[in-house]
Amino acid sequence: MAQRNDIRNIAIIAHVDHGKTTLVDEMLKQSGIFRANEQVQERVMDSNDLERERGITILSKNTAIHYKDTKINIVDTPGHADFGGEVERILMMVDGVLLLVDAFEGCMPQTRFVLKKALGLRKKALVVINKVDRPGARPDEVVDEVLDLFIELGADDDQLEFPVIYASARNGYSSLDKDARSGDMRPLLDSILQNIEPPKGDEHGATQVLFSSLDYDDYIGRIGIGRVERGSIRKNQQVVLCSADKEPRQVRISRLYQFEGLHRVEVENATAGDIICVSGIDDLNIGETACDPECVEPLPFIKIDEPTISMNFLVNDSPFAGREGKFVTSRNLRDRLFKEVETNVSMRVEETETTDTFKVSGRGELHLSILIETMRRQGYEFQVSRPKVIFKEIDGKLHEPMELMIIEVPEQYVGAVIEKLGHRKGELENMGARDGGSTHLEFKVPSRGLIGYRSEFMTDTNGNGIMNQLFAGYELYKGDIPMRERGSIVVHETGTSTGYGLFNTQDRGRIFIGPGVDVYEGMIVGECAKNEDIVCNVRKKKQMTNTRAAGSDEALRLIPASTLSLEQSMEFIKDDELLEVTPKTLRLRKKILSKEMRMKHQFRNK
C-alpha cells in the first residue's frame with residue numbers, strides 16, 4: 001500500500017488547561033500562516049464565545065500548516081472527558097497523536113482517558129512535556145509518570161518507545177533538552193515529521209471517505225469532515241453514502257474543501273490520506289462512508305461510549321414564561337434537541353409520554369450544561385430537572401456508573417475531603433504528598449455521589465482544592481447516598497423582592513437574589529439553614545406610619561446574595577424542584593408552585 005510522504009495527520013490530546021490550544025497557536029504563527037501585520041487573538045482555535053469564556057475546548061477543530069514541503073493536518077481536541085465523543089471519532093482521521101502533559105501537574109484523569117482511546121486504535125504517540133519554565137516543574141518525574149501510564153494502559157513495545165519533546169507553548173519554544181529556555185517550534189515540527197507515520201492508502205482504488213465530524217455554515221449548509229481512506233474524490237462526483245445501519249443512497253459532492261491554516265479552501269479533488277470537507281449532502285451523518293457506486297464498502301465506525309447522566313428538558317410553564325425567550329414551544333424545543341443529536345454523537349434524546357418533556361442523556365454534568373448554556377444563548381426558554389445517573393442491569397444485578405476522582409488539596413483540608421466523600425460512598429485508592437505542602441488523593445466514587453459535591457468541595461477547601469474526575473465504568477450498586485441535607489427558601493407570593501423582606505429572611509439561610517427582583521409563588525430564592533423547606537415573604541414592605549422610635553429606623557444591612565452559576569443551580573435542585581432557563585435569567589422553582597398543593601401531594605405520598 002502506497003505512502004504519502006508529503007502529508008502528516010495528527011491529533012493533539014491532553015487534559016484540560018495543559019496548553020493544547022496555545023501550542024496550536026504557536027505552530028500556526030511560526031509556520032507563516034498569518035500576515036506580518038495581522039492581528040491575532042490568543043487561543044485562536046477556540047472560536048466560539050463559550051469556549052473563550054470558560055477557557056476550555058468543547059468542539060474539536062481542524063487546521064493545517066506547511067513545513068519543509070510537508071502538509072501537517074492538526075486536530076485540536078477537547079480535554080474534558082465529558083466531550084469524549086468528540087475525541088473518539090476524531091482519532092479515526094489521524095495517524096498519530098501529540099500527547100501534551102503539564103510539567104508540573106503530570107498525568108491527570110483526562111490524560112489517561114484520551115491516551116487510552118489513542119492506544120486502543122494503535123496510534124503512535126509523541127509526548128510533549130509543556131510548561132517546562134513553570135515554577136515547580138518536574139519534567140523527569142512527569143516523563144516517568146507518562147511511561148508508567150503507557151504500561152498501565154497496555155501499550156505495545158513500539159508505542160512504549162515514544163519520543164519526548166520539552167516545550168513552553170506560551171513562550172513559543174520547544175527542545176530535546178529539558179533545560180532549554182529559548183528557541184522556536186522547529187524541534188517539535190521535525191519530530192512530527194520523523195515519528196508520525198505518513199498516511200497509507202491506494203490512490204488508484206475505488207473512492208472511500210469516512211466522515212468523522214460535522215460542521216454547519218449559514219451559506220452552504222451542512223458540511224461533512226472526513227478522511228479519504230482510499231482512491232480519490234473530486235468536485236461534482238456521484239457517490240453512494242452508506243453505513244452499517246442505513247440504506248445506501250446516491251448523492252453528489254457539490255463542493256470540496258481542504259484546510260489551510262484557519263480557513264477552508266475549495267479544491268477540485270483530493271486523494272487518499274487527505275482530510276477534506278464536503279458540502280451539498282443535507283442528510284449526511286457522522287460515521288457514514290462515501291463510496292464509489294461501483295464498489296460500495298462501508299467502513300466500520302468506532303463505538304462511542306454510552307451516556308451516564310440524564311436530565312428532563314421541559315417546556316417552561318412558570319408564571320414568567322415567554323417574557324425573555326424567542327423559542328418557547330415544545331416544537332421549538334424538540335427540533336433543537338434532535339438537531340443537537342445529529343452532530344453530538346455521545347448524546348441521546350428520547351421523547352416521553354408527555355409531549356412537553358424530553359429525556360436528554362449525556363456523558364456528564366458539563367456535557368449537559370454546555371448544551372443548556374448554548375441553547376439559552378440562542379434564545380431558547382425551557383426548564384430542566386435534577387441530573388440523574390443511568391443505571392444498568394448486568395447479569396440480573398443493578399450496576400451504577402463510577403468515577404475516578406483525582407484531588408490536589410492542601411494538607412489541612414484532607415480530613416474534611418475524605419470525610420465528605422466517605423459519606424458519598426467514595427473509596428480512597430491512593431494518597432501521596434506533593435511538593436509545596438499539597439496532598440494527592442485518588443478516590444473511586446459513584447457518579448450520583450458527585451452530583452452537588454463540587455460547591456461543597458470548594459467550601460471545605462476554601463477554594464484551594466483542584467478536583468478532576470473521569471468515568472471509570474460500571475460497578476455494583478453501592479447503596480443509598482444522603483444528598484443535599486438543607487431545604488429551600490420558597491417565595492410566598494408573586495411580586496418584587498424588597499430590601500425589608502430580604503432583611504427579615506436572611507437569618508433563615510443563604511439568599512440567592514437581591515432587592516428589586518421579580519419573583520413568583522413557589523420560586524426558590526435561597527437555601528434554608530435547616531433540613532426543611534420554608535415559605536417566606538421576600539416582597540414584604542415596611543409599614544408606613546408617623547411613629548418614630550430610636551432603633552426602629554436603622555439602616556438595613558443586607559448580606560450580599562450568593563448568585564449561583566448554571567452548574568451550581570443544576571447541582572442544587574432536588575427531585576421536586578426545577579431549574580428555569582431563559583436567555584437572561586436562571587430561576588430555581590418547585591415543580592408544584594402552590595404551597596397547599598405541595599402539602600397535599602406530600603400527604604398523599606406518605
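All heavy atoms count here, side chains included; hydrogens, waters and symmetry mates do not. Here the structure is a predicted model, which is why all the values come from computation and not from measurement.
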**Study point:** Stepwise side-chain contact (heavy atoms from CB on, under 4.5 Å) check, Tyr477 with Arg448
**Key:** CA-CA 11 Å; Tyr477 182 71; Arg448 61 196 167 96; 3.2 Å; yes
**Study point:** salt bridge (charged side-chain N to carboxylate O under 4.0 Å, His left out) assessment of Lys392 paired with Glu400
**Key:** CA-CA 6 Å; Lys392 279 185 179 179; Glu400 65 175 326; over 6 Å; no
Practice item. Carefully, step by step, assess Arg138 and Glu145 under the rule salt bridge (charged side-chain N to carboxylate O under 4.0 Å, His left out). Key: CA-CA 11 Å; Arg138 47 190 187 94; Glu145 285 179 23; 2.7 Å; yes
Review point. Can you list the steps and then say if Phe572 with Phe512 is a ring-ring contact (aromatic ring centres under 6.0 Å, His included)?
Key: CA-CA 12 Å; Phe572 179 83; Phe512 298 153; 5.2 Å; yes
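A distance of 11.0 Å separates CZ of Phe457 from OH of Tyr413, quoted to the nearest 0.5 Å. Note that the CD1 atom of Ile165 and the CE atom of Met185 stand 10.5 Å from one another [nearest 0.5 Å]. The OG1 atom of Thr63 sits 8.5 Å away from the CG atom of Asn73 when rounded to the nearest 0.5 Å. Atom CG of Leu188 is separated from atom OG of Ser175 by 11.0 Å, given to the nearest 0.5 angstrom. Taken to the nearest 0.5 Å, the CZ atom of Arg363 stands 9.5 Å off from the CZ atom of Arg348.
The cationic atom of Lys178 (NZ for Lys, CZ for Arg) does not lie both less than 6.0 Å from the six-membered ring centre of Tyr166 and within 45° of the ring axis.
Looking at heavy atoms from C-beta onward, Tyr173 lies in side-chain contact with Asp133 at the 4.5 angstrom threshold. In this structure, the side chains of Arg181 and Asn171 stay at 4.5 Å or more apart for every pair of heavy atoms. Using a 4.5 Å cut-off on side-chain heavy atoms (C-beta onward), Asp95 and Arg227 make contact. Residues Arg510 and Ile559 form no side-chain contact, since every pair of their non-hydrogen atoms from C-beta on lies 4.5 Å or further apart. Looking at Leu160 and Leu147, their side chains come closer than 4.5 Å, going by heavy atoms from C-beta outward. Looking at Leu98 and Ile192, their side chains come closer than 4.5 Å, going by heavy atoms from C-beta outward. Between Leu428 and Leu441, the closest side-chain pair of non-hydrogen atoms falls below 4.5 Å. Using a 4.5 Å cut-off on side-chain heavy atoms (C-beta onward), Glu442 and Met431 make no contact.
For Arg134, the CZ atom sits in a packed shell: over 12 heavy atoms of surrounding residues, nucleotides or ligands are nearer than 6.0 Å. At most 12 non-hydrogen atoms from other residues, nucleotides or ligands lie less than 6.0 angstrom from CD of Glu197. Around the CG atom of Asp69, the shell of radius 6.0 Å holds no more than 12 heavy atoms that belong to other residues, nucleotides or ligands. By the neighbour-count criterion of 12 heavy atoms within 6.0 Å, atom NZ of Lys478 is densely surrounded, having more than that number from other residues, nucleotides or ligands.
Pairs passing the salt bridge (charged side-chain N to carboxylate O under 4.0 Å, His left out) check and including a residue from residues 161-170, sequence neighbours excluded, do not occur. Among residue pairs with one or both ends in residues 116-157, those qualifying as ring pair (Phe, Tyr, Trp, His ring centres under 6.0 Å) are Phe150-Phe162; sequence neighbours excluded.
With Glu105 contributing its side chain and Asp102 its backbone, the two residues share no donor-acceptor pair below 3.5 Å. The backbone N or O of Gly273 sits less than 3.5 Å from a side-chain atom of Asn9, completing a donor-acceptor pair. Between the Ser369 side chain and the Glu567 main chain, no donor and acceptor come within less than 3.5 Å of each other. For Ser361 (side chain) and Pro307 (main-chain N/O), no donor-acceptor pair under 3.5 Å exists by modelled atom type. Judged purely by atom type and a 3.5 angstrom limit, Arg486 has no side-chain atom pairing as donor or acceptor with the backbone of Glu527.
Between Arg386 and Glu571, no side-chain nitrogen of the basic residue sits less than 4.0 Å from a carboxylate oxygen of the acidic one, so the salt-bridge criterion is not met. In this structure, Lys425 does not pair ionically with Asp480, as no charged nitrogen and carboxylate oxygen lie closer than 4.0 Å.
Partner of Phe259 under the side chain to side chain contact (heavy atoms under 4.5 Å, CB included) criterion, out of Ile225, Ile65, Ile74, Asp274: Ile225 alone.
The side chain to side chain contact (heavy atoms under 4.5 Å, CB included) search around Leu193 returns Arg8, Tyr67, Lys68, Thr70, Ile72, not counting sequence neighbours. Ser565 pairs by the side chain to side chain donor-acceptor pair (under 3.5 Å) definition with Gln568, not counting sequence neighbours. Shown here are the side chain to side chain donor-acceptor pair (under 3.5 Å) partners of Asp156, two or more places apart in sequence or in another chain: Arg122.
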Please report, to 0.1 Å, the donor-acceptor pairs under 3.5 Å made by any side chain of residues 402-412, with sequence neighbours excluded.
| unit_1 | atom_1 | unit_2 | atom_2 | d |
| --- | --- | --- | --- | --- |
| Glu403 | OE2 | Ser447 | OG | 3.0 |
| Glu408 | OE2 | Arg434 | NH1 | 3.0 |
| Glu408 | OE2 | His440 | ND1 | 2.7 |

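Donor-acceptor pairing under 3.5 Å is recorded for the side chains of Lys71 and Gln258.
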